[in-house]
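My structure is below; once you've seen it, I'll send some questions.
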There are 2 protein chains.
Amino acid sequence: MASTHKKVSYHPDRADRGHTPLSAASGVEQAIGFLEGRWKLLILFHLFGGKARRFSELERAIPGVTQKMLIQQLRALERDGIVHRVAHHEVPPRVEYSLTPWGQALCPALDSLLAWAAQRPEEAETGEAAPDGANAD
Amino acid sequence: MASTHKKVSYHPDRADRGHTPLSAASGVEQAIGFLEGRWKLLILFHLFGGKARRFSELERAIPGVTQKMLIQQLRALERDGIVHRVAHHEVPPRVEYSLTPWGQALCPALDSLLAWAAQRPEEAETGEAAPDGANAD
DNA sequence: CAGAATCCAGTAAGATACTG
DNA sequence: CAGTATCTTACTGGATTCTG
């Protein structure tokens with residue numbers, strides 16, 4: 001996913017020839033970047049309820065995740081200002097994660113993405129017969 | 001993106017304990033998956049104008065991309081039903097890429113993501129009091 | 001011009017063990 | 001409970017070369 005991989009270390013080679021919409025693309029790329037990582041979305045969805053979740057709760061709720069991955073993505077999400085982390089310094093360590101206001105604002109955006117994905121035509125996989133005007137030059 | 005690399009071959013381990021929103025997550029994950037890859041969004045943005053673009057046009061318009069990456073992401077986009085490919089079997093090979101209707105429908109969704117990203121508060125990085133300085137990775 | 005095939009490097013993701 | 005550290009794997013992305 002957003003893929004990710006790509007730490008987006010990118011060339012600073014933004015030659016803006018043509019009508020290159022790099023600025024717009026950068027914004028969305030960043031947004032996607034915040035979400036890239038195999039577990040980010042799962043974590044987010046578990047947090048969308050509005051209630052804080054403990055580390056082990058999330059670990060239990062997300063089947064194949066390892067502590068390493070969970071903490072890693074949680075930290076990234078926290079660093080990006082999407083989730084909020086609260087550590088209670090008690091004898092049995094308790095840490096709770098919740099969404100920041102900005103993180104909660106992600107919900108509608110994800111929802112439009114979801115709506116878009118739902119509109120996917122069945123014949124998307126098979127070759128189409130070029131219905132109309134599919135060329136310019 | 002998601003990085004990156006995750007082919008999302010995932011465990012079919014969807015144990016739905018709790019209120020696991022795996023179904024919703026899957027949809028968005030898929031959607032994000034369509035967009036993951038370092039060049040997908042750039043390509044898409046160049047195609048959002050509605051006009052078809054030639055391979056070399058895209059190659060020229062996107063600074064650091066290699067043919068391999070371009071064709072790879074273009075194929076993925078095509079396979080996902082987001083872009084439409086038309087090959088003219090002429091002596092100087094000409095292939096044009098354009099958005100499918102569904103691909104164009106992505107625009108508003110990307111827009112809400114963009115709007116969300118734009119709302120990011122400045123103090124997102126430093127807002128907390130860093131109770132315990134433990135940090136690594 | 002458009003695309004395929006190879007080889008290589010960087011790194012995200014996974015498993016496992018250890019710690020406060 | 002909630003992490004941290006280290007090793008390994010495998011996939012992504014990039015460079016280069018070759019072809020119709």
Side-chain angles (χ1 to χ4, degrees), chain A residues 1-11 13 29 32-43 52-78 83 85-97 137, chain B residues 1-11 13 29 32-33 35-43 52-78 83 85-97 130-137:
Chain A
M1 162 176 355
S3 120
T4 209
H5 34 245
K6 75 267 149 102
K7 262 302 67 145
V8 190
S9 24
Y10 249 78
H11 317 180
D13 198 335
E29 274 187 73
I32 295 267
F34 294 152
L35 275 23
E36 66 110 338
R38 183 168 164 186
W39 310 101
K40 295 255 186 79
L41 289 170
L42 272 313
I43 295 171
R53 299 288 224 148
R54 297 184 53 180
F55 185 86
S56 47
E57 272 190 284
L58 290 172
E59 189 181 355
R60 224 169 304 126
I62 304 174
V65 77
T66 59
Q67 290 95 330
K68 178 195 171 181
M69 282 297 98
L70 189 52
I71 197 62
Q72 189 174 295
Q73 315 255 299
L74 236 16
R75 296 283 190 200
L77 251 16
E78 186 193 359
V83 310
R85 175 177 179 270
V86 178
H88 305 266
H89 293 198
E90 304 169 356
V91 181
R94 166 175 309 213
V95 179
E96 294 188 320
Y97 295 89
D137 191 349
Chain B
M1 309 213 222
S3 339
T4 68
H5 40 248
K6 72 263 151 91
K7 261 304 69 142
V8 189
S9 26
Y10 248 79
H11 316 180
D13 197 333
E29 273 186 73
I32 294 268
L35 276 22
E36 67 109 339
R38 184 170 162 184
W39 311 102
K40 295 256 186 78
L41 289 171
L42 272 313
I43 295 172
R53 298 287 225 149
R54 297 184 53 181
F55 185 86
S56 46
E57 270 189 286
L58 290 173
E59 190 181 354
R60 224 168 305 127
I62 304 174
V65 77
T66 59
Q67 290 94 331
K68 178 194 172 183
M69 282 299 99
L70 190 51
I71 197 63
Q72 188 175 294
Q73 314 254 300
L74 237 14
R75 295 284 191 200
L77 252 15
E78 186 193 0
V83 310
R85 176 177 177 271
V86 179
H88 304 268
H89 294 197
E90 304 169 358
V91 180
R94 167 175 309 213
V95 180
E96 295 189 319
Y97 297 90
D132 59 289
N135 197 320
D137 187 61

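Letters A, B, ... mirror the listed sequences (proteins, then strands); counts begin at 1.
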Rounded interatomic separation in angstrom, taking CE from B/M69 and P from C/dT6:
16 Å

B/L70 versus B/V65, closest heavy-atom pair with distance:
N-CG2, 3.8 Å

Round to a whole Å and report the spacing from CD of B/Q72 to P of D/dT16.
17 Å

To the nearest Å, how far apart are A/L70 CG and D/dT4 P?
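After rounding, the gap between these two atoms is 11 Å.
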
Between CG of A/L58 and P of D/dG3 the distance, given in whole Å, is 10 Å

Protein-nucleotide distance (A/I62, atom CD1; D/dA2, atom P), rounded to Å:
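Checked: the CD1 to P distance equals 14 Å.
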
If every non-hydrogen atom of B/K40 is compared with every non-hydrogen atom of B/G33, which pair is closest and at what distance?
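Reported closest heavy-atom pair: NZ-O, 3.9 Å.
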
What heavy-atom pair brings A/R38 and A/Q73 nearest, and what distance separates the two atoms?
N-OE1, 3.6 Å

Minimum heavy-atom distance B/V83-B/L74, with the two atoms named
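The answer is CG2-O, 3.8 Å.
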
Within the structure, does a side-chain N or O atom of B/W39 lie under 4.0 Å from either OP1 or OP2 of D/dT12?
no

Can you check the A/L41 CG to C/dA12 P distance for me, whole Å?
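It works out to 17 Å between those atoms.
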
Which residues pass the side-chain contact (heavy atoms from CB on, under 4.5 Å) test with A/I71, not counting sequence neighbours?
A/F55, A/R75, A/Y97

Sequence neighbours left out, what passes side chain to side chain donor-acceptor pair (under 3.5 Å) with A/E96? Give chain and number order.
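Result, side chain to side chain donor-acceptor pair (under 3.5 Å) vs A/E96: none returned.
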
Short N/O separations, protein against nucleotides 2-4 of chain C, under 3.5 angstrom:
from  : atom 1 : to    : atom 2 : distance (Å)
C/dA2 : OP1    : B/R54 : NE     : 3.0
C/dA2 : OP1    : B/R54 : NH2    : 3.1
C/dA2 : OP2    : B/S56 : N      : 2.8
C/dA2 : OP2    : B/S56 : OG     : 2.5
C/dG3 : OP1    : B/R85 : NE     : 2.9
C/dG3 : OP1    : B/R85 : NH2    : 2.5
C/dG3 : OP1    : B/Y97 : OH     : 3.3
C/dG3 : OP2    : B/Y97 : OH     : 2.8
C/dA4 : OP1    : B/R75 : NH2    : 2.9

Under 4.0 Å: is that the gap between some side-chain N or O of B/Q73 and OP1 or OP2 of D/dG13?
yes

Integer-rounded Å distance: C/dA15 C1' and A/R38 CZ:
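Answer to the nearest Å: 13 Å.
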
